[in-house]
Amino acid sequence: MNSANVRSLLVRGMLAGLGAGLLALIVAYLLGEPRVDAAIAYEDAHAAGAPEMELVSRSLQSTAGLATGVLVYGVSLGGFAALAYCFALGRVGRFSPRATAALLSGVAMVAVYVVPFLKYPANPPSVGDPETIGKRTTLYFLMMALSVLLAVAAVIVGKRLAPRLGNWYATVTAVLGFAVAIGLAYAFLPAVNEVPEDFSATLLWQFRLAALAIQLTLWTSFGLLFGHLAERLLNPKPATAASTADRNGLRETAASAP
């Protein structure tokens, strides 16, 4: 792939990330923010002493702050995913540009978000000890790095096994190997459970579902948008017979004109 195509795909990836970010922003505002408000209300009700003064108002956090964070994340995700797409195109199988984008988006969502989420799920405000935030962040990103590395290893193993086992059995073997390795990582990495005993289980469940819905919206819409843009760039549709005839007619008319 030449540098012009890489540059064009990078721009399209960032645009697709922006579009996906806009859709994810709507989901975050409608599903996520009410749960965040409920968690903050719980935290304020159980706070010892007077509540701390807000440096940034809650209304600003839930509007401009949320939009900035989600959109910047979407554009950044689109850029990195586009570069990964340039490397993966043609190397993971004989898929069309659109199918490759959908496959990459699905695998990335599982490796980057779903697998770490199942071990260390998202928590709303008031859940978690401030003293352990560094440890929890380290564990989460360690789980994410392991998931991504194991996903890449599974793809490599699957491709090497394909000539001997066939595509189907090679894929099944690679997926099973990935699942076993992730299961071992789940077993050996320490668990984190800092949910207060009287915290609403329903609110916690709703918040985690909202977080999952935001990521699902982001990755799915990115795969569809970027796949469409990549397909148009890499596999442009030939001119139809009707449009060719129209152009020929215009040329003949122009040539016969005085």
- Take T137 and L139 through the test side chain to side chain contact (heavy atoms under 4.5 Å, CB included) and record every step on the way to the result. CA-CA 5 Å; T137 302; L139 288 173; over 6 Å; no
- Between the CD1 atom in I26 and the CG atom in L31, the distance rounded to the nearest 0.5 Å is 11.0 Å
- Task: Please identify each residue that fulfils ring-ring contact (aromatic ring centres under 6.0 Å, His included) with Y113, with sequence neighbours left out.
- Result: F117
- Task: Begin from the C-alpha positions of L71 and V75 and carry the test side chain to side chain contact (heavy atoms under 4.5 Å, CB included) through to its verdict.
- Result: CA-CA 6 Å; L71 295 180; V75 173; 5.5 Å; no
- Message: Do V114 and V148 land in one hydrophobic cluster if side-chain heavy atoms of ILVMFWY residues count as linked below 4.5 Å?
- Response: yes
- By salt bridge (Lys or Arg N to Asp or Glu O under 4.0 Å) - contacts of R208 (at least two apart): none
- Check: F199 and P124 side chains under 4.5 Å, non-hydrogen atoms: yes
- Item | CG-SG distance between N5 and C86, expressed to the nearest 0.5 angstrom | 8.0 Å
- Note on the structure: Here the side-chain hydrogen bond (donor to acceptor under 3.5 Å, both in side chains) pairs for residues 21-33, sequence neighbours left out, are E33-R58
- CG on L25 to CG on L18, rounded to 0.5 Å: 10.5 Å
- Decide whether M144 and Y120 are clustered together by the hydrophobic rule: side chain heavy atoms of Ile, Leu, Val, Met, Phe, Trp, Tyr closer than 4.5 Å, transitively. yes
- A122 and A211 have their tightest heavy-atom pair at CB-CB, 4.0 Å
- Message: Quick one: does any side-chain atom of S221 pair with a main-chain N or O of L218 as donor and acceptor, under 3.5 Å?
- Response: yes
- State whether the side chain of S96 and the backbone N or O of A99 hold a donor-acceptor pair below 3.5 Å, judged by distance alone. yes
- Message: Looking at every heavy atom in both F222 and G13, which two are closest together, and how far apart are they?
- Response: CE1-O, 3.4 Å
- Message: Side chains of L15 and F226, heavy atoms from C-beta outward: is any pair under 4.5 Å?
- Response: no
- Task: Mind running side chain to side chain contact (heavy atoms under 4.5 Å, CB included) on L89 and L234 for me, showing each step along the way?
- Result: CA-CA 11 Å; L89 187 64; L234 301 176; 3.5 Å; yes
- On a heavy-atom basis, the closest approach of A111 and V115 is O-CB, 4.4 Å
- Is the shortest heavy-atom distance from the side chain of S105 to the side chain of T220 under 4.5 Å? no
- List the atom of L9, the atom of A230, and the distance in Å for their closest heavy-atom pair. CD2-CB, 3.9 Å
- Message: With clusters defined by side-chain heavy atoms of hydrophobic residues (ILVMFWY) lying less than 4.5 Å apart, directly or transitively, does L118 cluster with Y140?
- Response: yes
- Would E194 and N123 count as a side chain to side chain contact (heavy atoms under 4.5 Å, CB included) if you check the C-alpha gap in whole Å, the side-chain angles of each, and the deciding distance to 0.1 Å? CA-CA 9 Å; E194 298 179 352; N123 286 325; over 6 Å; no
- Task: Please report the shortest heavy-atom distance between R35 and L30, naming the atom on each side.
- Result: NH1-O, 4.2 Å
- Close side-chain approach of L150 to I182, heavy-atom, < 4.5 Å: yes
- For atom CZ of F141, decide whether the heavy atoms of other residues, nucleotides or ligands shown that lie under 6.0 angstrom number more than 12. no
- Message: Quick one, V70 and L66 - any side-chain contact, counting heavy atoms below 4.5 Å?
- Response: yes
- Query: What is the distance from atom OG1 of T100 to atom CZ of F95, rounded to the nearest 0.5 Å?
  - Reply: 7.0 Å
- Of the non-hydrogen atoms in P190 and K119, which two are nearest, and what is the gap between them? O-CE, 3.8 Å
- Item | Minimum side-chain heavy-atom gap L189-L146 below 4.5 Å | yes
- Could you state the interatomic distance from CG (L104) to CE (M109), rounded to the nearest 0.5 Å? 12.0 Å
- Query: Is the CZ atom of F80 crowded by more than 12 outside heavy atoms at less than 6.0 Å?
  - Reply: no
- Query: Do W168 and L161 belong to the same hydrophobic cluster, where Ile, Leu, Val, Met, Phe, Trp and Tyr are linked whenever their side-chain heavy atoms lie under 4.5 Å apart, directly or via other members?
  - Reply: yes
- Query: Same hydrophobic cluster for I214 and V112, using side-chain heavy-atom links shorter than 4.5 Å among ILVMFWY?
  - Reply: no
- Query: Side chains of T202 and L204: closer than 4.5 Å at any heavy-atom pair?
  - Reply: no
- Item | I156 side chain near R160 side chain, heavy-atom distance below 4.5 Å | yes
- Task: State the CZ-CG distance between R98 and L229, to the nearest 0.5 angstrom.
- Result: 10.0 Å
